[in-house]
Amino acid sequence: MNKNIVFISLVLIAGAAGYLFLSPDRPAMREQGQPNIIPPQETEPVVKQVREHDVSEDQKRRAAMRSEYAELEKARDRVRRQLGKLKSRLWKLQLPPDRARAITEQMQKGYAILKNPPMLGAFFGVDDISRELEKVKRISERLQTLETAIQEDLAAREER
């Protein structure tokens, strides 16, 4: 026989024997007069009494969170579209290094907020979702100002 098989079988037998001797409901305890039955008060599930208005308040809170989260998703989509437009407008466009660095920083902040967005279950309430929505709106406003500034630069270059 293979030595590994013999070793594994010995380990399994030793483990089973150890379980029988060390388990709290081993047969030796039954022989000493201790029952192997768990008392009924420990096995019965604890049932919470929930009042109807508690459930309705929780449902209202969840509905409010869902509606606020839907707005957050719309704002994130808006930022994604803005970043896509900026990326396409900046393609092969030569800008001064300072201006290019500032635009890059703003776009990186936009991509960072979209990289791993928190899902609905990550928020504790409507206030947390509102804070996240404000962050996304601020990024959107910054990207909007960048877009208008780039449009002005492109219009000025075309006039030359």
Side-chain angles (χ1 to χ4, degrees), residues 2-12 14-16 18-19 22-24 38 41-160:
N2 192 353
K3 291 181 182 180
N4 290 335
I5 294 173
V6 172
F7 179 71
I8 290 173
S9 62
L10 288 175
V11 169
L12 288 175
Y19 176 75
L22 298 176
S23 66
I38 299 173
Q41 67 268 14
E42 294 178 16
T43 59
E44 294 176 7
V46 179
V47 179
K48 276 188 166 180
Q49 296 295 330
V50 180
R51 289 176 261 165
E52 288 183 22
H53 72 277
D54 290 343
V55 173
S56 63
E57 288 175 8
D58 189 44
Q59 289 174 351
K60 289 177 186 176
R61 183 181 67 86
R62 288 183 183 174
M65 286 177 65
R66 282 191 197 107
S67 65
E68 190 76 11
Y69 189 76
E71 289 181 37
L72 177 62
E73 282 299 311
K74 288 178 186 176
R76 286 178 183 161
D77 288 339
R78 191 176 324 115
V79 169
R80 275 189 203 96
R81 286 193 306 272
Q82 286 177 328
L83 287 169
K85 286 180 186 177
L86 282 173
K87 186 177 178 180
S88 66
R89 289 204 174 116
L90 291 172
W91 189 256
K92 294 185 180 179
L93 184 66
Q94 297 293 328
L95 294 172
D98 295 336
R99 180 127 170 99
R101 194 175 305 116
I103 291 172
T104 303
E105 285 177 9
Q106 292 301 318
M107 288 184 71
Q108 284 176 343
K109 287 179 183 178
Y111 282 119
I113 204 163
L114 296 177
K115 186 174 182 177
N116 290 319
M119 304 307 278
L120 179 61
F123 298 107
F124 291 111
V126 178
D127 296 333
D128 293 340
I129 298 173
S130 298
R131 277 187 235 118
E132 184 73 18
L133 181 61
E134 288 301 317
K135 288 180 193 177
V136 173
K137 283 183 178 179
R138 274 183 274 158
I139 294 289
S140 178
E141 290 169 359
R142 290 177 188 160
L143 292 175
Q144 184 66 35
T145 57
L146 279 177
E147 190 174 343
T148 56
I150 290 171
Q151 285 177 347
E152 291 171 359
D153 287 347
L154 289 175
R157 288 183 182 191
E158 289 177 1
E159 290 176 1
R160 293 184 198 171

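Throughout, numbering of the chain's residues begins at 1 and tracks the sequence. What you see is a predicted model, and the numbers here were worked out from it, not measured in a lab.
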Counting C-beta onward and ignoring hydrogens, is there a side-chain heavy-atom pair between [X] and [Y] closer than 4.5 Å?
X: I129; Y: L120; result: yes
X: M65; Y: D128; result: no
X: K135; Y: E132; result: yes

In Å and rounded to the nearest 0.5 Å, what is the [atom1] to [atom2] distance from [X] to [Y]?
X: L93; Y: L86; atom1: CG; atom2: CG; answer: 11.0 Å
X: L90; Y: I103; atom1: CG; atom2: CD1; answer: 5.5 Å
X: Q151; Y: D153; atom1: CD; atom2: CG; answer: 10.5 Å
X: R78; Y: I139; atom1: CZ; atom2: CD1; answer: 13.0 Å
X: I5; Y: L10; atom1: CD1; atom2: CG; answer: 12.0 Å

**Prompt:** Just wondering, are more than 12 heavy atoms of other shown residues or ligands nearer than 6.0 Å to CZ in R61?
**Reply:** yes

List the atom of [X], the atom of [Y], and the distance in Å for their closest heavy-atom pair.
X: A100; Y: T104; value: O-OG1, 2.7 Å
X: P118; Y: F123; value: CG-CZ, 3.6 Å
X: Y69; Y: M119; value: OH-CA, 3.3 Å

Show the atom names and distances, to 0.1 Å, of all donor-acceptor pairs under 3.5 Å that link a side chain in residues 106-115 to residues at least two apart or in another chain.
none

**Asked** Salt bridge or not for D77 and R81, using N-O below 4.0 Å?
**Response** no

**Item:** Set of salt bridge (Lys or Arg N to Asp or Glu O under 4.0 Å) partners for K74, sequence neighbours left out
**Value:** none

**salt bridge (Lys or Arg N to Asp or Glu O under 4.0 Å): pairs with one or both residues in residues 136-150, sequence neighbours excluded** = R89-E147

**Request:** Can you run down the salt bridge (Lys or Arg N to Asp or Glu O under 4.0 Å) pairs that involve residues 63-72, sequence neighbours left out, and say none if there aren't any?
**Result:** none

**Message:** Restricting to side-chain hydrogen bond (donor to acceptor under 3.5 Å, both in side chains), what partner residues turn up for N4, sequence neighbours left out?
**Reply:** none

**Results of side-chain hydrogen bond (donor to acceptor under 3.5 Å, both in side chains) for D127 - residues two or more places apart only** = none

